[in-house]
Amino acid sequence: MIRTVEQYLESLDDGREMWCMGEKVKDVRTHPTLSGIIRIAALDYVLPHHPDYRHLFVTQDEDGEDVNYLLTAPRNSEDLLRRRECFATAMRAGGGVLLHCMGADALAAFTVTANAMDKALGTDYSARVENYRRILMKQDLGITGAITDVKGDRSLHPSQQKQHPDYYLRVVDRQKEGIVVRGAKVHISASPCANELLCSPCRTHGEADKDYALAFAVPCNAKGVKMLAVEPVTRTYGAEGLFDYPKTSALQPTECLIVFDDVFVPWERVFMCGEWQFSRTLAYAFGSYHRLFGTCKMIGKLEAITGAAALVADYNGVAQVDHVRKKLAWMAMITHMTAELGKAACIDPVKEFGMEVAMPNPMSINAAKFTFASNFHQMCQHLQDIAGGLCTTVPAYRDWQNSDIQPYIEKYLSAVDGVPTEHRLRLMRLIKDVTCNYWQIDTIHGEGSMAAQQMHLYGSADWNKLKAAAKRAAHIDGWQDDPTYGRLVSAEDVPMPPVDESYVSFPKALK
């Protein structure tokens with residue numbers, strides 16, 4: 001099934017408990033700021049019906065019925081590349097995969113981990129995951145991944161927390177029909193607009209933490225689920241919001257603190273319960289998939305930032321200045337590197353844990369995420385430098401709409417002849433918006449912090465091969481058995497006539 005926008009919006013009238021700015025939300029569809037993220041989420045149900053994008057977003061299930069492609073499990077490089085194209089296309093459009101990114105990545109990670117647990121432990125989690133996948137496809141539900149626990153004292157494991165045991169989501173009761181869970185998840189994107197929450201552990205567990213090794217799915221309106229929306233970046237909306245904060249006004253508030261206050265979960269919706277040895281597998285698989293989305297998300301974001309720098313250079317009359325062109329060249333390079341590393345991760349995927357589901361190459365995808373996260377502050381600095389001080393003191397929508405003062409703004413804040421003042425103001429508002437703390441923090445920590453990428457990069461590197469390269473170069477034995485360097489031909493194997501040792505300038509070699 002491919003739902004219509006109308007069907008999606010109707011599904012949100014489900015009695016969920018949502019709070020924003022200390023007030024209980026009556027209807028997420030009509031709330032001043034939440035309605036903005038709902039509008040963006042609705043694009044998930046626009047693109048599959050659009051003739052230009054249907055071939056990307058729509059496939060068929062085993063019954064021949066149309067379903068969203070992102071709900072399928074990627075099996076090979078071609079599947080990952082199509083997944084990447086869906087993400088990149090939709091994010092360039094401003095949305096369209098909000099309800100099929102974190103959730104779809106969590107579903108793919110469930111698939112990988114369930115297969116690994118079934119083979120090692122004889123469980124039946126794969127059957128549960130596939131049955132749940134069929135429900136998602138048949139109903140075309142909007143999903144998100146509830147991954148990050150609130151953590152409490154980060155120096156302690158979940159079971160060792162001092163103040164209370166609920167800093168990490170855990171099982172508090174096992175019943176015949178299901179389990180009862182308690183705890184909280186934080187920074188959960190797309191939660192105000194989702195139909196289902198796919199919950200997953202965010203770290204490695206020990207045996208003492210087995211009650212926290214937990215994966216399941218619940219509806220957003222399940223009894224005991226409470227969603228506390230984060231403070232919006234701006235409390236403007238409508239035309240004013242689009243002028244003053246052209247990007248964040250439409251996407252805020254997307255995150256929630258989600259409280260699970262003794263929530264019941266039927267067994268058929270439980271995909272891990274106590275298998276602490278596999279929590280790392282689930283976290284690792286989710287991270288790999290979700291960094292692919294993060295890289296695709298950044299394609300559009302970096303293109304907009306780099307384009308804004310080039311455009312404001314034109315508007316300010318400095319496009320030909322040498323230091324400006326050098327900054328623009330560097331920004332274009334980072335934008336291109338991020339996109340190409342993400343593509344490389346799909347072209348050369350890995351299949352781990354003995355199953356057929358393909359995962360993005362861990363070195364390439366973590367390198368892509370680290371590239372844009374570690375350079376984003378510099379991107380913002382260059383953009384602000386080229387734009388000048390006006391990008392922070394630029395007048396707001398209400399100033400521009402006031403007929404008493406607009407003539408002064410029109411006269412004194414114009415620049416290059418032929419560029420309307422309003423265009424320059426709108427661009428400056430965009431620059432102010434996209435270099436704000438929300439965008440910078442989200443870029444650094446979204447899809448995992450840079451420390452997480454460094455851990456994955458270190459763990460994914462083939463150190464034996466790299467050391468063999470060094471040993472071969474230094475003529476130290478030990479490289480000969482390496483599958484890459486041990487097979488290489490060597491110039492030393494080339495038959496050559498004896499060296500002529502009669503030259504005075506070159507002493508005879510020591511034997």
Side-chain angles (χ1 to χ4, degrees), residues 59 61-63 67 70-77 79-80 83 102-138 141 143 145-147 158 168-171 173-181 196-218 264-290 292 349-362 456 459-460:
T59 189
D61 64 9
E62 57 192 14
D63 299 322
V67 295
L70 291 171
L71 295 176
T72 65
R75 302 286 175 182
N76 49 44
S77 174
D79 288 348
L80 285 173
R83 192 181 184 95
M102 277 190 72
D105 295 337
L107 184 62
F110 286 172
T111 305
V112 169
T113 312
N115 184 271
M117 288 189 292
D118 288 357
K119 287 184 176 180
L121 306 175
T123 53
D124 66 344
Y125 285 126
S126 290
R128 295 187 195 180
V129 171
E130 293 311 307
N131 286 336
Y132 181 64
R133 187 194 305 277
R134 280 189 283 272
I135 292 172
L136 296 177
M137 288 178 168
K138 294 297 185 184
L141 297 175
I143 56 179
I147 311 300
Y168 292 78
L169 189 59
R170 67 187 179 109
V171 178
D173 191 18
R174 291 171 171 83
Q175 303 174 359
K176 181 179 179 181
E177 302 300 325
I179 60 175
V180 177
V181 302
E196 295 264 324
L197 304 171
L198 279 64
C199 302
S200 177
C202 69
R203 63 172 296 166
T204 300
H205 293 122
E207 186 171 5
D209 306 313
K210 63 182 180 180
D211 285 343
Y212 300 88
L214 185 62
F216 62 88
V218 292
F264 176 76
V265 186
W267 281 115
E268 62 267 22
R269 284 171 160 263
V270 177
F271 312 119
M272 173 186 283
C273 187
E275 293 82 8
W276 59 272
Q277 309 94 319
F278 292 89
S279 61
R280 179 183 181 277
T281 301
L282 187 46
Y284 169 75
F286 174 78
S288 294
Y289 284 115
H290 199 47
L292 175 60
V350 296
K351 292 186 177 181
E352 297 190 50
F353 313 113
M355 69 172 303
E356 290 303 309
V357 176
M359 296 170 58
N361 183 283
H456 279 281
S460 301

Chemist: Start with the C-alpha gap between Asn131 and Arg128, add the side-chain angles, then the distance that decides, and say whether side-chain hydrogen bond (donor to acceptor under 3.5 Å, both in side chains) holds.
Modeler: CA-CA 5 Å; Asn131 286 336; Arg128 295 187 195 180; over 6 Å; no
Chemist: Given salt bridge (charged side-chain N to carboxylate O under 4.0 Å, His left out), test Arg133 with Asp61 step by step and report yes or no.
Modeler: CA-CA 10 Å; Arg133 187 194 305 277; Asp61 64 9; over 6 Å; no
Chemist: Between Leu71 and Ile143, is a side-chain contact (heavy atoms from CB on, under 4.5 Å) present by the stated rule, with each step listed?
Modeler: CA-CA 10 Å; Leu71 295 176; Ile143 56 179; 3.8 Å; yes
Chemist: Which pair of heavy atoms, one from Val129 and one from Ala114, lies closest together, and at what distance?
Modeler: CG2-CB, 3.9 Å
Chemist: Name the one of Asn115, Thr111, Thr113 that satisfies side-chain contact (heavy atoms from CB on, under 4.5 Å) with Ser126?
Modeler: Asn115
Chemist: Answer yes or no: is there a side-chain heavy-atom contact under 4.5 Å between Thr72 and Asp79?
Modeler: no
Chemist: Quick check: closest heavy atoms across Pro360 and Ser288, and the distance to 0.1 Å?
Modeler: CG-O, 3.6 Å
Chemist: Please walk me through it: do Asp209 and Arg170 pass salt bridge (charged side-chain N to carboxylate O under 4.0 Å, His left out)?
Modeler: CA-CA 9 Å; Asp209 306 313; Arg170 67 187 179 109; over 6 Å; no
Chemist: May I ask you to say whether Asp63 pairs ionically with Arg134, meaning some side-chain N is under 4.0 Å from a carboxylate O?
Modeler: no
Chemist: How close do Val265 and Ala217 get, counting heavy atoms only, and between which atoms?
Modeler: CG1-O, 3.9 Å
Chemist: For the side chain of Glu275 and the backbone of Cys273, is there at least one donor-acceptor N/O pair under 3.5 Å apart?
Modeler: yes
Chemist: So, taking the atom named CE in Met117 and the one named CG in Asp124, what distance separates them when rounded to the nearest 0.5 Å?
Modeler: 10.0 Å
Chemist: To the nearest 0.5 Å, what is the distance between CG on Leu292 and CG on Asn361?
Modeler: 11.5 Å
Chemist: Just so I know, are the side chains of Val270 and Ile179 near enough to count as touching, which here means a heavy-atom distance under 4.5 Å?
Modeler: yes
Chemist: Is a side-chain donor or acceptor of Lys351 paired with a backbone partner of Arg75 at a separation under 3.5 angstrom?
Modeler: yes
Chemist: Let me have the donor-acceptor pairs involving side chains of residues 198-207, under 3.5 Å, with sequence neighbours excluded, atom names and distances please.
Modeler:
| residue | atom | partner | partner atom | Å |
| --- | --- | --- | --- | --- |
| Arg203 | NH1 | Tyr168 | OH | 3.3 |
| Arg203 | NH2 | His157 | ND1 | 3.3 |
| His205 | ND1 | Ser279 | OG | 3.1 |

Chemist: How long is the span from the CD atom in Glu130 to the CE atom in Met137, to the nearest 0.5 Å?
Modeler: 8.0 Å
Chemist: Quick one: salt bridge (charged side-chain N to carboxylate O under 4.0 Å, His left out) partners of Asp173, sequence neighbours excluded?
Modeler: none
Chemist: Before you tell me yes or no, could you show the steps for Glu177 and Phe264 under side-chain contact (heavy atoms from CB on, under 4.5 Å), namely the whole-Å CA-CA distance, both residues' side-chain angles and the distance that decides it to 0.1 Å?
Modeler: CA-CA 9 Å; Glu177 302 300 325; Phe264 176 76; 3.9 Å; yes
Chemist: Measuring from atom OH of Tyr284 to atom CZ of Phe278, what distance do you get when rounded to the nearest 0.5 angstrom?
Modeler: 15.0 Å
Chemist: How far apart are the closest heavy atoms of Phe110 and Ala215, and which atoms are they?
Modeler: CE2-CB, 3.7 Å
Chemist: To the nearest 0.5 angstrom, please state how far the OH atom of Tyr212 sits from the CG atom of Leu169.
Modeler: 10.0 Å
Chemist: Give me the atom names and distance for the closest heavy-atom approach of Tyr289 to Ala358.
Modeler: OH-O, 2.7 Å
Chemist: Show the numbers, then the answer: is there a salt bridge (charged side-chain N to carboxylate O under 4.0 Å, His left out) between Asp105 and Arg83?
Modeler: CA-CA 11 Å; Asp105 295 337; Arg83 192 181 184 95; 3.2 Å; yes
Chemist: Where do Asp118 and Tyr125 come nearest, in terms of heavy atoms and distance?
Modeler: OD1-N, 2.9 Å
Chemist: Mind checking whether Tyr132 and Phe271 have ring centres under 6.0 Å apart?
Modeler: yes
Chemist: Once salt bridge (charged side-chain N to carboxylate O under 4.0 Å, His left out) is applied, do any residues pair with Glu196, and if so which ones, sequence neighbours excluded?
Modeler: Arg269
Chemist: Can you tell me how far apart CE (Met272) and OG1 (Thr123) are? Round to the nearest 0.5 Å.
Modeler: 9.5 Å
Chemist: Is any side-chain heavy atom of Arg174 closer than 4.5 Å to a side-chain heavy atom of Asp211?
Modeler: yes
